[in-house]
Number of protein chains: 2
Amino acid sequence: MEIREVFARNLKAARQAKGLSQEELAFRAGLDRTYISSLERRVYNASIDVVDRLAIALDVEASELLKRPPGTKIKLLR
Amino acid sequence: MEIREVFARNLKAARQAKGLSQEELAFRAGLDRTYISSLERRVYNASIDVVDRLAIALDVEASELLKRPPGTKIKLLR
DNA sequence: ATGTGACTGGCAGTCCGTA
DNA sequence: ATACGGACTGCCAGTCACA
């Protein structure tokens, strides 16, 4: 699973959890509206700077946005 | 604290914890030797793709490399 | 084994549309 | 409000030569 897909999912989930539109988030983070859209569609590999700005705008930790969903790696048990 | 500084520290710490040289890590991650050096000196904002490749080469989670040291933000509880 | 300056291509990121 | 393009551009990620 590509890291940008992980990021895309987490970004979208976090944004929706905050009840923000792409436009609002873009404004808060000082980025372009269509760029947010692109990120959520896994078009680009964002820089960690962008990740951080989005994290701040969403009030989450930057590392949270890169967390793979549990069970993505080699499954041990479960 | 800039995110790239956080990344720089975590990268260096993780690399040294594994007992790898910058050269070895660069080779494993398929990156340039001097680029690793630059990252550890906080010269660049790496892309999340690079973060992930380094994380894999270091056998840690990508999100780990972006974790701010505890006590960096507003502490709520704990 | 690491730091650094100089260089350059490619892609991040913007802006404009249409649906 | 979002997806999805096309067209554009600046800048910086990433490399190389050398110390």
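Fair warning: this is a prediction, and the values are worked out from it, not measured in the lab. A, B, ... follow the sequence lines: proteins, then strands. Residue 1 opens every chain. Heavy-atom basis, side chains included; hydrogens, waters and symmetry copies ignored.
- The CG atom of B:L31 sits 11 Å away from the C1' atom of D:dA13 (whole-angstrom rounding).
- Here A:E24 does not pair with A:R28 in a salt bridge; the nearest charged N to carboxylate O distance is not below 4.0 Å.
- A:D49 and A:S47 share no donor-acceptor pair across their side chains, judged by distance under 3.5 Å alone.
- For A:F27 and D:dA1, the CZ to P distance is 14 Å, given to the nearest whole Å.
- Using a 4.0 Å heavy-atom distance criterion, A:V43 is classed as making no nucleic acid contact.
- Side chain to side chain, B:S37 and B:R41 meet the donor-acceptor criterion of an N or O pair below 3.5 Å.
- From one end of the helix from C:dT2-D:dA19 to C:dA19-D:dT2 to the other, with five pairs defining each end axis, the axis direction shifts by 40° (rounded to 10°).
- Going from atom CG of A:L39 over to atom P of D:dC4 covers 14 Å, rounded to whole Å.
- Using a distance-only test at 3.5 Å, with no hydrogens or angles considered, no donor-acceptor pair links the side chain of B:R4 to the main chain of B:N45.
- Although no hydrogens or angles enter the test, the distance criterion places no donor-acceptor pair under 3.5 Å between the side chain of A:R9 and the main chain of A:P69.
- Computed from coordinates, the A:K12 NZ to D:dA1 C1' distance equals 12 Å when rounded to whole Å.
- Using a 4.5 Å heavy-atom threshold, the side chains of B:L66 and A:L65 count as separate.
- Whole-Å rounding puts the A:L25 CG to D:dT2 C1' distance at 13 Å.
- If you take CG of B:D49 and C1' of D:dG14, they are 13 Å apart, rounded to a whole angstrom.
- With a heavy-atom cut-off of 4.0 Å to chain A, the contacted part of DNA chain C has its first and last nucleotide at C:dA12 to C:dG17.
- The separation between B:I36 atom CD1 and D:dG14 atom C1' is 11 Å, rounded to whole Å.
- The nearest whole Å value for the distance from the CG atom in A:N45 to the C1' atom in D:dA13 is 12 Å.
- Residue order along DNA chain C, read from the 5' end via each residue's closest nucleotide, puts B:L20 first among B:S47 and B:L20.
- Side chains of B:V6 and A:D52 form no contact here, defined as non-hydrogen atoms less than 4.5 Å apart.
- Look at A:R42 and you won't find any side-chain N or O under 4.0 angstrom from OP1 or OP2 of D:dA3.
- Residues B:Y44 and B:T34 each lie close to DNA chain D; by heavy-atom proximity, the contact nearer the 5' end of the strand is made by B:Y44.
- A salt bridge links B:E40 with B:R15; the closest basic N to acidic carboxylate O contact falls under 4.0 Å.
- Counting only heavy atoms from C-beta outward, the side chains of B:N10 and B:E64 never approach each other to under 4.5 Å.
- Looking at heavy-atom distances under 4.0 Å, A:R15 makes contact with sugar-phosphate atoms alone, never a base.
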